[in-house]
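First comes the structure, then the notes that go with it.
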Amino acid sequence: MRCVCLLFLVLALSACALSQTVRRIAIVGGGPAGAASAYFARHELQQLGQAADIHVFEQHLRTGGRAHIGSVKHANRTLYFEQGASMFIGKNLHMMDFARQYNLTLCAHPCTLHPEDTQQAEDDTVVDASMLGAYGIWDPLPGPVSGAGRWMVRQHGDQPLRDMLRALWRYQGLGDLRTVRKLTRESVDQFMQSYEQFADPHKGIYASWDAYLADRPALQQSLYYHAAELYSHGASRISPRFLREVVSLATRVNYMQDVDRINALGAHISMAAESDEAYSVAGGNYQVFDRMLTDSADVHLGREVMAIERNGTGYRVVTNNGVEEGMFDT
């Protein structure tokens, strides 16, 4: 009888130890994808009652990936500007929710203020925090004179009627803009269905990526074509000038890619501010991802992953200078 009780005690202790097994997870990169992977991995494991030891290896000395901020002196003030991943639209539910969850100040894009310059209103009112004045497309003149040139198209200038007429003349009306808005809305609307479906575990499971896209033709088209291809054929055709000066400018700012290299979905996202309200975080959008990482993982900056090797049931991670970071389950 004593042996039987001892056996049950050993089994119970083993089951308890198994339930408390810590999952070691390695994530390469501390940008938006790495931050989201760390945050949701820890969240899901906590829901399952499992502990997680998550490590994020970032080769640079900062987190945020393309979300990176710079500054410039203007009119005796320091203005801050995004150097990539410059804005997000209101339909990006995750970014909107995380910004508010971390008490970050939302600004109507473009936002040029540091978070110390303004405070988030109690009712989550979005701050209009641009100090830029007029902005748009500037054509610099060749020569030694710094700042010489002319506005090709601009917004919020002192002569809005003239600016509007100049834009209409340059792009031969509103046809190109309407085409881009239509394609953007179709893709965004079909993507928005994913929020609702993945909230329901019975609807959010697909056998394959192709199965997910099967009933989303606009989203499928925007993923399978480069932006330059999609915007140059059939009903989606727009003028080369609008593609070069407007769409390409937006993709370069947001993704640092030209329209012949980025897929059409990236172009739609970059142009989404033309059909929806656009926001930024005062002081830089990178703060969202930095807070997600702080909540979720141990972050190792300046550690470039050189090799990931399968070793039995786990993985061995080797970073720069041949440093072995240990074994990981995932």
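Quick note: numbers below take in every heavy atom, side chains included, and nothing from hydrogens, waters or symmetry partners. On a predicted model such as this, the values are computed, not experimentally measured, just so you know.
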Donor-acceptor under 3.5 Å ([X] side chain, [Y] main chain):
X: R291; Y: Y102; value: yes
X: T251; Y: Q257; value: yes
X: H68; Y: G64; value: no
X: R42; Y: A52; value: yes
X: D260; Y: A228; value: no
X: R241; Y: R170; value: yes
X: N263; Y: G266; value: yes

### Task
Describe, in one word, how the ring planes of H43 and F40 are oriented to each other, choosing from parallel (under 30°), tilted (30 to 60°) and perpendicular (over 60°).
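Aromatic pair H43/F40 classed perpendicular.
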### Query
Parallel, tilted or perpendicular for H300 and F57, by the 30°/60° rule?
parallel
[X] atom [atom1]: more than 12 heavy-atom contacts under 6.0 Å:
X: Y225; atom1: OH; value: no
X: Y171; atom1: OH; value: yes
X: R244; atom1: CZ; value: yes
X: R62; atom1: CZ; value: yes

### Message
Could you walk me through whether Y231 and V180 satisfy the side chain to side chain contact (heavy atoms under 4.5 Å, CB included) test, starting with their C-alpha distance in whole Å, then the side-chain angles of each, then the deciding distance to 0.1 Å, before giving a yes or no?
### Response
CA-CA 8 Å; Y231 286 135; V180 172; 3.8 Å; yes
### Task
Evaluate side chain to side chain donor-acceptor pair (under 3.5 Å) for E58 paired with T63, printing each intermediate quantity in order.
CA-CA 7 Å; E58 169 56 53; T63 59; over 6 Å; no
Examine [X] and [Y] and state if one hydrophobic cluster contains both, with Ile, Leu, Val, Met, Phe, Trp and Tyr joined whenever side-chain heavy atoms are less than 4.5 Å apart.
X: L183; Y: I238; value: yes
X: I69; Y: L293; value: no
X: V28; Y: I54; value: no
X: M87; Y: F289; value: no

Rounded to the nearest 0.5 Å, what separates atom [atom1] in [X] from atom [atom2] in [Y]?
X: M306; Y: R303; atom1: CE; atom2: CZ; result: 13.5 Å
X: D53; Y: L45; atom1: CG; atom2: CG; result: 11.5 Å
X: F98; Y: L93; atom1: CZ; atom2: CG; result: 11.5 Å
X: M95; Y: N285; atom1: CE; atom2: CG; result: 5.0 Å
X: H268; Y: L230; atom1: NE2; atom2: CG; result: 5.5 Å
X: E325; Y: R24; atom1: CD; atom2: CZ; result: 9.0 Å

#### Entry: ring pair (Phe, Tyr, Trp, His ring centres under 6.0 Å) assessment of H55 paired with F328
CA-CA 9 Å; H55 294 261; F328 293 88; 5.8 Å; yes
### Task
Start with the C-alpha distance between R178 and K182, add both sets of side-chain angles, then the distance that settles side chain to side chain contact (heavy atoms under 4.5 Å, CB included), and finish with yes or no.
CA-CA 6 Å; R178 286 170 177 159; K182 176 178 179 293; over 6 Å; no
### Query
Where do R252 and D258 land on the side chain to side chain contact (heavy atoms under 4.5 Å, CB included) test, with the steps shown first?
CA-CA 6 Å; R252 286 179 178 181; D258 288 322; 2.5 Å; yes
### Task
Kindly confirm or rule out a cation-pi arrangement of R310 over Y315, judged by NZ or CZ under 6.0 Å from the six-membered ring centre and within 45° of its axis?
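Judged by the rule, R310 and Y315 form a cation-pi pair.
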### Task
Could you check R181, K91, R216 and say which one makes a salt bridge (charged side-chain N to carboxylate O under 4.0 Å, His left out) with D189?
K91
### Task
Determine whether Q190 and P217 make a side-chain contact, defined as any pair of heavy atoms from C-beta on separated by less than 4.5 Å.
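Yes, close enough: below the 4.5 Å cut-off.
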### Task
Starting from the C-alpha separation in whole Å, work towards a yes-or-no answer on side chain to side chain contact (heavy atoms under 4.5 Å, CB included) for Y212 and L219.
CA-CA 10 Å; Y212 169 73; L219 190 58; 4.1 Å; yes
### Distance-minimising heavy-atom pair for M271 and A250
SD-CB, 3.8 Å
